[in-house]
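What follows is a single structure, written as C-alpha cells, with notes after it.
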2 protein chains.
Amino acid sequence: MPSIDSYAGGVARPPRPDQLVDLLRRAIRERVLLPGQPLNQDDLARRFGVSRIPLREALRTLVGEGLVVMQSGTGAVVIELHPEELAELFDLRLALEPPLTAAAVGKVSPAALGELESLVEQMDAGAGRDVGLWATQHYAFHRRLLELAGRRHSLRLLTQVLNLVEPYSRLHTTLVGAQQHSRSEHLPLLDALRRADAEEVRDLTVASIAAAAARLEAFSSSSGEAGRDPLSVLLDDPV
Amino acid sequence: MPSIDSYAGGVARPPRPDQLVDLLRRAIRERVLLPGQPLNQDDLARRFGVSRIPLREALRTLVGEGLVVMQSGTGAVVIELHPEELAELFDLRLALEPPLTAAAVGKVSPAALGELESLVEQMDAGAGRDVGLWATQHYAFHRRLLELAGRRHSLRLLTQVLNLVEPYSRLHTTLVGAQQHSRSEHLPLLDALRRADAEEVRDLTVASIAAAAARLEAFSSSSGEAGRDPLSVLLDDPV
DNA sequence: GGTTCCCCCTGTGTATACAGCGTATGACTT
DNA sequence: AAGTCATACGCTGTATACACAGGGGGAACC
C-alpha cells in the first residue's frame, strides 16, 4: 500500500497549485487517502513540502468538486458514500457517459485510436500482477476516451462523478481482482469506434456501466450483511 | 445595478467561509460580477471585510465548481461561455433535470407544494416591476423543486450547470423582459406534481428546458451578428 | 516614426504568526 | 462508581508580512 509520501516524493520542487490538487485527487482515487479519513492540514502540508495555505486552497478546490467535505472547526474529510449514493452516481454515469462516447465517434483520429488501443494492451498485459496499476490504467483509458468528445463541461461533471466512484470501484477490483471483463468490454468498444458506429458505441457504454454497477452492487450487498451505514464496513482504516 | 458592496453590506459580521462562497456565487449568478471579469483579490477581500486568505479559498471552491478560472500569476476571472458551451450546458440540463423533477413526484409534501406555489405567486406578482428580482425568484423556485428529489449528487452537479447558465439567462431576461412564459410553464408543472403524474412532470420539464434553450439561442444569434467569440459581444463591461 | 528592450509597479502566491474553537483528559462531586 | 465540569492541548481559521512574477509604460535604439 503506497503512502502519501510516495506521491509527494515524486516531485523534487514543491508542487504548483494545480499539481497539488492533482496529487490529492489521485491520492483519493487510489485509496491512499480513504473515504471518511480526516485530512490533517499540517501533516499533509509537510509531506508535500508546502505550507498550509496552498494546501488549504487545494482542499477547497476539492470541496468544490465534491471530493472533500470541510466543516468549520472540525476540518476536512474525504467524502464517504452510502450505497444509495453509489447507485445515484451510476445513474449519473448512465445519463452522462453514453452521449459523450457516442459524440467522440466522429472525432477520433487514427492516432488517438492507436493510443487507446495501446492503453488497453498495457492494461491487460499486467492485469494479473498489479491490480492497482490496472485500475489506474483503466481509469486513464476511460478518461482519455471521454476527452475526445471535446465537451468541456460534460467532461468536467463526469470526471467529478468518476472520481467519487473510483475509490469504491478500486476497492472491489483490489479484493475481487476480476479483470476478466476487461478485454471483452474494451475491445468491442474500440472496434465500434473504429467503424464509427455511434449507436453501437453508445449501447456498449451503457452495457459497460450497467455491468460495473451490478458488480459493485452484488459485491457490497454480499460483504456488508445488511446495507450498514456507509460502505465503511469494508474499509478497515489502516491508521 | 447593484454593486458588490450591497452584498457585503448585508452582513454586519465578517461572513463565514460558507457564506462567503455563497455571496460570490450569487454575485456571479446575478451579474454583479460579469463573465470574463477579473477578480481583484485585495478589492474583493476589502469589500467583504475579510483578508485575502479566506477570499482566495472561496475562489478556489468556485474554481472547483467551474464558475471561476484561476491561472497562476494572472489571477482569477469569472468564467465566460462561448455559444457552443451554452448549448452543451442545455444538453446537460436535458440529461439531468427531467429525471430529478420526476423523482421528486413521490416526495413533495403538501407543505412543500404550497411553498412552491407561493414562490410562483410572488414571482409573477412583481414580474413586470423588477426583472432582477423575478430572475432570482425563478432560480430559487427551480432550485427548490430540484432539492425535493433528495438526490445529493445530481443536485450538486445540476446546480453547477444552472449557475453557469444563469448569468446568460439573466441577461436575456433583463433585456427581453419576457416572463410571459412563466405562468404557462410553472402552473401546469405544479399541477402535475400535485396529481403525482411523474411522466407529465418529466415531459413538462423537458419542454421547459427546450423552450429556454430556444429563447436564448434565438436571442444570442440575433444580437451578436455572427456567433462572435464569446457572448461578450453583449456584455459591455461597466468598469 | 516605429520598434524593442528594460525597469518599475501593481497584484498574485506563500510562509510565518497568532487567535479561537473543539475535543479529550483529568479531577471533583453526587 | 458514574456523571459532570474545568482545564489544557491540538488543530483549524485568519490576519499580517514578504517574495516574486507578469504587464505596462517609458526610453533608447534602429
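In what follows, chains are A, B, ... by sequence order, proteins preceding strands, each numbered from 1. Computed from heavy atoms alone, side chains included, the values below leave out hydrogens, waters and symmetry copies.
Straight-line distance from the CG atom of A:Asp18 to the P atom of C:dT12: 16 Å, rounded to whole Å. Atom CG in A:Leu44 sits about 19 Å away from atom P in D:dG10, given to the nearest Å. For A:Ile53 and C:dC18, the CD1 to P distance is 15 Å, given to the nearest whole Å. Residue B:Gln19 contributes atom CD, which lies 14 Å from atom P of D:dG13 at whole-angstrom precision. Rounded to an integer number of Å, the gap from A:Phe48 CZ to C:dG13 P is 20 Å. Between B:Leu55 atom CG and C:dT12 atom C1' the separation is 12 Å, expressed in whole Å. In this structure, CG of A:Leu20 is placed 13 Å from C1' of C:dG13, rounded to the nearest angstrom.
OP1 or OP2 of D:dT12 has not a single side-chain nitrogen or oxygen of A:Gln71 nearer than 4.0 Å. Taking only side-chain nitrogens and oxygens, A:Arg56 comes nearer than 4.0 Å to OP1 or OP2 of D:dG13.
Classified by interplanar angle (parallel below 30°, tilted 30° to 60°, perpendicular above 60°), the ring pair A:His138/A:His142 is perpendicular.
Taking 4.0 Å as the cut-off between side-chain N and carboxylate O, A:Arg151 and B:Glu88 do not count as a salt-bridged pair. No salt bridge links B:Asp22 with B:Arg26; every basic N to acidic carboxylate O contact stays at or beyond 4.0 Å.
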Evaluate the salt bridge (charged side-chain N to carboxylate O under 4.0 Å, His left out) criterion for residues B:Arg144 and B:Glu147: first the C-alpha distance (whole Å), next the side-chain angles of each, then the deciding distance (0.1 Å), finally the verdict.
CA-CA 5 Å; B:Arg144 190 77 196 81; B:Glu147 277 174 11; 2.8 Å; yes
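You'll find that the side chain of A:Pro54 is closest to C:dA15, out of D:dG13, C:dA15, D:dT14. When distances run from any side-chain atom of A:Gln41 to the nucleotides D:dT16, C:dG13, D:dT12, the shortest one goes to D:dT12. Each of C:dT12, D:dG13, D:dA15 was ranked by its minimum atom distance to the side chain of B:Asp42; first place goes to C:dT12. Taking the side chain of B:Arg52 as heavy atoms from C-beta on, and the options C:dA15, D:dT14, C:dG13, the nearest nucleotide is C:dG13. Considering only the side chain of A:Glu57, C:dT14 comes nearest among D:dT12, C:dA15, C:dT14. Among the nucleotides C:dA15, D:dT14, D:dC11, the one closest to any side-chain atom of A:Asn40 is D:dC11. Considering only the side chain of B:Pro17, D:dT14 comes nearest among D:dT14, C:dT16, D:dT12.
Note on B:Leu39: only backbone sugar-phosphate atoms sit closer than 4.0 angstrom, heavy atoms only; bases stay farther off.
Looking at heavy atoms from C-beta onward, B:Arg93 lies in side-chain contact with B:Leu162 at the 4.5 angstrom threshold.
Mapping A:Ser72 and A:Arg16 onto DNA chain C via the closest heavy atom, the residue that lands nearer the 5' end is A:Arg16.
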